[in-house]
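Here's the structure we're looking at; comments come further down.
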Amino acid sequence: MLEGLRASPKRIAPKFFYDARGSQLFETICSLPEYYLTRAETEILGVHAREISDLIGPGCILIELGSGSSHKVRLLLEALQPAAYLPMDISRDHLLRAARLLAAEYPWLEVHATCIDYSRQLDLPYCPNGTRKIAFFPGSSIGNFEPGETVAFLRNIAQMLQANGALLIGVDLKKDARTLHAAYNDSRGVTAQFNLNLLARINREMEGRFILDDFEHSAFYNEPLGRIEMHLASRCRQTVQVGAQHFGFARGETVHTENSYKFGLDEFRDIARLAGFRPLRAWSDSHGLFSVHYLDAGPL
Ligand code: AVJ
């Protein structure tokens, strides 16, 4: 975080959103009327759970990246009947609570939770030889990677899955700027709180002295780059102390906190192919807002 604050332009990586408070705020975002992503993806997984399960087959090892509260996987578990479910998330307490709840709800299912930062390194815990590994990466978190990193990240997943594996991934579609703008500027201001929580977190954990009222949430669609950008803009010229360090802000200067890339169906298929996947199926919701791709890791 300090490295990003020292940089010009200033930035904080979006993975830092998810402390206990941030994870809670993100849950609330997912239930907001403007945040269509969760509803659209839930519709897709619900409608196509049978078909998805038939493609995968029973007895797989199901690995979820950024599992959060493990809500969406519930739509698949009954039909899919995996041998084990491996939720992975950066938000430790949130992950453990979700995993315990799920394990109690599905007594027949083996659940192994792993706290990881998947943007750094992605290793699989022990997997019996011959079992089919399926990675589940919903929510369009893939959109947080920069174009140059996306293929490398997916290629690493393909390698980890080996020849008989597959990736089930949620990808937000490109769409009109108004719908996108509303989704990241909700009327209740929850997304603003989620964004500002980064500064509150620095205050809590790093002896920061940010005055939250001196910063303002900013989110907009950068259409040429196909991404939502989130920033925290300084409302005044100021210097903020974090621990022993001082950071100067010009009035209007921003900390860039998130990019959320959006993809066309074919655009994402091309990316998947570059990473060594075979795009076998893709579904979208009834409003054409969101997509879920089934990508085979096997060789041609
Ligand atoms: C978790 C990265 C998919 O980009 O839509 C929600 C995070 N940021 N509102 C997204 C987020 C602001 C979310 N992802």
Side-chain angles (χ1 to χ4, degrees), residues 11-19 21-42 44-45 64-73 87-91 94-95 98 116-119 136-147 149-150 153-154 168-201 215-223 225-233 254-263 268 285 289-293:
R11 54 176 158 76
I12 299 177
K15 65 184 175 190
F16 293 117
F17 282 130
Y18 304 96
D19 67 346
R21 174 83 182 126
S23 297
Q24 202 176 34
L25 285 165
F26 182 66
E27 286 288 294
T28 308
I29 288 174
C30 290
S31 68
L32 293 170
E34 296 99 330
Y35 197 73
Y36 61 86
L37 292 83
T38 311
R39 251 173 299 116
E41 189 174 37
T42 299
I44 295 168
L45 294 173
E64 181 169 358
L65 308 178
S67 49
S69 294
S70 292
H71 287 315
K72 289 168 188 165
V73 77
M88 299 184 170
D89 204 282
I90 196 168
S91 197
H94 199 81
L95 166 72
I116 60 153
D117 173 0
Y118 62 64
S119 70
F136 180 43
F137 192 29
S140 199
S141 293
I142 190 69
N144 276 163
F145 288 97
E146 288 309 304
E149 309 163 347
T150 308
F153 176 74
L154 291 175
L168 185 66
I169 183 170
V171 182
D172 196 18
L173 293 168
K174 285 205 161 87
K175 60 182 62 65
D176 63 286
R178 272 189 54 200
T179 304
L180 285 166
H181 186 271
Y184 294 85
N185 292 277
D186 65 278
S187 57
R188 283 177 51 195
V190 184
T191 308
Q193 280 184 65
F194 175 70
N195 200 5
L196 285 160
N197 178 55
L198 283 171
L199 305 182
R201 184 177 186 186
F215 288 84
E216 169 170 53
H217 167 69
S218 160
F220 55 89
Y221 188 44
N222 183 332
E223 193 145 13
L225 295 182
R227 71 191 195 195
I228 283 279
E229 291 185 20
M230 294 219 307
H231 296 259
L232 290 163
T254 77
V255 185
H256 191 169
T257 55
E258 184 168 48
N259 285 324
S260 189
Y261 284 87
K262 311 300 173 185
F263 302 89
F268 194 76
D285 61 289
L289 296 171
F290 199 89
S291 64
V292 173
H293 289 255

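Numbering of ligands and ligand atoms starts at 1, following listing order.
- In this structure, atom 13 (C) of ligand 1 lies nearest to the protein heavy atom Tyr35 OH, 3.3 Å.
- Residue Ser260 has at least one heavy-atom neighbour below 4.0 Å for each of these atoms of ligand 1: 4 (O), 5 (O), 10 (C).
- Close placement of the Tyr18 and Phe194 rings is indicated, their centers lying within 6.0 Å of each other.
- Between Arg227 and Glu229, at least one side-chain nitrogen of the basic residue sits less than 4.0 Å from a carboxylate oxygen of the acidic one, meeting the salt-bridge criterion.
- For Asn197 and Asp19, the side-chain atoms include at least one donor-acceptor pair closer than 3.5 Å.
- Here is the list of ligand 1 atoms found below 4.0 Å of a heavy atom in Ser140: 3 (C).
- Under a 4.0 Å criterion applied to the non-hydrogen atoms of Gly139, ligand 1 contributes the atoms 3 (C).
- Close approach to Tyr18 involves these atoms of ligand 1, each under 4.0 Å from a residue heavy atom: 1 (C), 7 (C).
- The aromatic rings of Phe153 and Phe137 lie tilted to each other, with the angle between the two planes from 30° to 60°.
- Remark: distances from the non-hydrogen atoms of Gly143 to ligand 1 are all 4.0 Å or more.
- In this structure, the ring of Tyr261 has its center no less than 6.0 angstrom from the ring center of Phe145.
- When each atom of ligand 1 is checked for a heavy atom of Asn144 under 4.0 Å away, the hits are 2 (C).
- The heavy atom nearest to atom 11 (C) of ligand 1, out of those in Arg227, His217, Glu258, is found in Glu258.
- Between Phe268 and His293, the distance separating the two ring centers is shorter than 6.0 angstrom.
- Neither the backbone nor the side chain of Phe17 comes within contact range of ligand 1; no heavy atom lies under 4.0 Å.
- The aromatic ring centres of Tyr221 and Tyr184 sit 6.0 Å or more apart.
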